[in-house]
Number of protein chains: 2
Amino acid sequence: LQSSFHSILKGNIIKCLIPVDEVANVQTDNPLEHALLVLVKTGYSAIPVLDQMYRLKGIISKTIILDNILGLERFEFEHLRSYKVADVMNANPPILRIDHTFQDALKMCIHHTFLCIENHDGEFMGILTRSSILRYVNHLFAI
Amino acid sequence: LQSSFHSILKGNIIKCLIPVDEVANVQTDNPLEHALLVLVKTGYSAIPVLDQMYRLKGIISKTIILDNILGLERFEFEHLRSYKVADVMNANPPILRIDHTFQDALKMCIHHTFLCIENHDGEFMGILTRSSILRYVNHLFAI
Ligand SMILES: Nc1ncnc2c1ncn2[C@@H]1O[C@@H]2COP(=O)(O)O[C@H]3[C@@H](O)[C@H](n4cnc5c(N)ncnc54)O[C@@H]3COP(=O)(O)O[C@H]2[C@H]1O
Ligand SMILES: Nc1ncnc2c1ncn2[C@@H]1O[C@@H]2COP(=O)(O)O[C@H]3[C@@H](O)[C@H](n4cnc5c(N)ncnc54)O[C@@H]3COP(=O)(O)O[C@H]2[C@H]1O
């Protein structure tokens, strides 16, 4: 049990990575309306927010946007045009460095639906999703 | 590897279940606006839809609601009051029977963020979430 799983758990996460060019994202200075359209068109609940240098800055989600436009009486859609993504995003994205192990990723995925992967220089490399972790675990158990 | 994991994989899922009285849900005949308010207030992306006999009928999500109110030019919020949950919900919820094994749940969770659990009589017993599966797997590896 210990030896064969140990080498897998210490294995590298790079094989489960969704590379940055396949990750839907928006920029910090986009209007909130643009972020909601990207979220609706892609169907994703949440996506990364990058700055103009493609550095990771946060996460924006349908939940955060709807929370910010729900007024006392109704959904105040005019806010979509007056707010920017940076005004409401979660500025504390879950980050894992590319040299971390599969076990580190598994632990973090308990609390996050996806992880943002960076290299040593802090460059955004892509994301690791719960479905890819679950697919890998299912494969381990099938061995 | 085989023997100790085998008994765990065949283990029962009941210990990871969120019981029905702790599951946010709406009813088939609720207006869509009510469903969006429940989703926003609870913070959940998607929740089960039950009929008046508390039988499982579908899943409603922020994604489905936003998809249905996005018109050509803008978000048509007036539709929230004219549609019912049953009109737009996903009427094919992922269902797992309570006597299924942990391995069955793991396989299904690759494609669904949560599973709806029913007993032999088709009564809705609660849900099984990806986070509870991941928490359990992480615990297995820590042994
Ligand atoms: N277009 C699609 N095709 C196939 N399956 C789809 C899908 N959209 C959603 N799903 C399924 O639904 C799950 C939840 O998606 P959600 O958008 O809430 O949550 C997603 C989304 O917020 C984000 N995500 C996934 N792929 C992304 C991408 N290429 N770009 C940006 N964000 C992504 O990561 C979260 C977790 O993704 P994960 O794959 O674990 O889990 C996904 C996947 O199993
Ligand atoms: N109030 C809260 N407290 C703590 N963590 C929270 C939370 N709301 C969301 N999260 C975290 O975010 C993940 C995704 O939530 P989401 O609402 O997209 O997706 C959720 C939601 O659609 C549904 N869900 C979870 N608990 C529910 C409940 N009590 N009633 C109805 N639906 C529930 O199952 C999906 C997967 O849940 P899971 O736990 O795997 O994964 C959750 C959990 O890790």
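Since the structure is predicted, the reported quantities are computational estimates derived from the model, not experimental observations.
Note on B:Y44 and A:I59: separate hydrophobic clusters, where clusters join Ile, Leu, Val, Met, Phe, Trp and Tyr whose side-chain heavy atoms are under 4.5 Å apart, directly or indirectly. In the hydrophobic clustering of ILVMFWY residues, with side-chain heavy atoms under 4.5 Å counting as a link, A:V23 and A:L37 come out apart. Placement of A:I14 and A:I117 within a single hydrophobic cluster is found when ILVMFWY residues are connected by side-chain heavy-atom separations under 4.5 Å, directly or transitively. In the hydrophobic clustering of this structure, A:I64 groups with B:L70; members are Ile, Leu, Val, Met, Phe, Trp, Tyr whose side-chain heavy atoms approach within less than 4.5 Å, directly or through other members. In terms of hydrophobic clustering, with Ile, Leu, Val, Met, Phe, Trp and Tyr side chains grouped at heavy-atom distances under 4.5 Å, B:Y136 and A:M108 are assigned to a common cluster.
Contact annotation for residues 118-132 of chain A against chain B (heavy-atom separation below 4.5 Å, listed by residue number): A:R130, A:S131. Of all residues spanning residues 47-55 of chain A, none has a heavy atom less than 4.5 Å away from chain B's heavy atoms.
With a 4.5 Å cut-off on non-hydrogen atoms, A:L80 touches chain B through its side chain but not through its backbone. Of the atoms belonging to A:H112, not a single heavy atom falls under 4.5 Å from chain B. With a 4.5 angstrom heavy-atom cutoff, A:I133 touches chain B only via side-chain atoms.
For the pair B:T63/A:V40, no side-chain contact is recorded, criterion being any heavy-atom separation below 4.5 Å from C-beta on. A heavy-atom distance below 4.5 Å is not found between the side chains of B:I69 and A:F75. Side chains of B:K107 and A:R135 form no contact here, defined as non-hydrogen atoms less than 4.5 Å apart. A 4.5 Å side-chain heavy-atom check between B:L140 and A:F141 finds at least one atom pair inside the cut-off.
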Full working for side chain to side chain contact (heavy atoms under 4.5 Å, CB included) between B:E33 and A:R74: CA-CA 10 Å; B:E33 184 173 46; A:R74 61 184 184 83; 5.8 Å; no
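Heavy atoms only, all atoms of each residue included: A:V137 and B:L106 are closest at CG1-CD2, 4.0 Å.
Atoms NZ and CG, on A:K41 and B:D67 in that order, are 9.0 Å from each other to the nearest 0.5 Å. Rounded to the nearest 0.5 angstrom, A:E76 CD and B:F77 CZ are separated by 11.5 Å. Atoms CG and CG, on A:L66 and B:L39 in that order, are 9.0 Å from each other to the nearest 0.5 Å.
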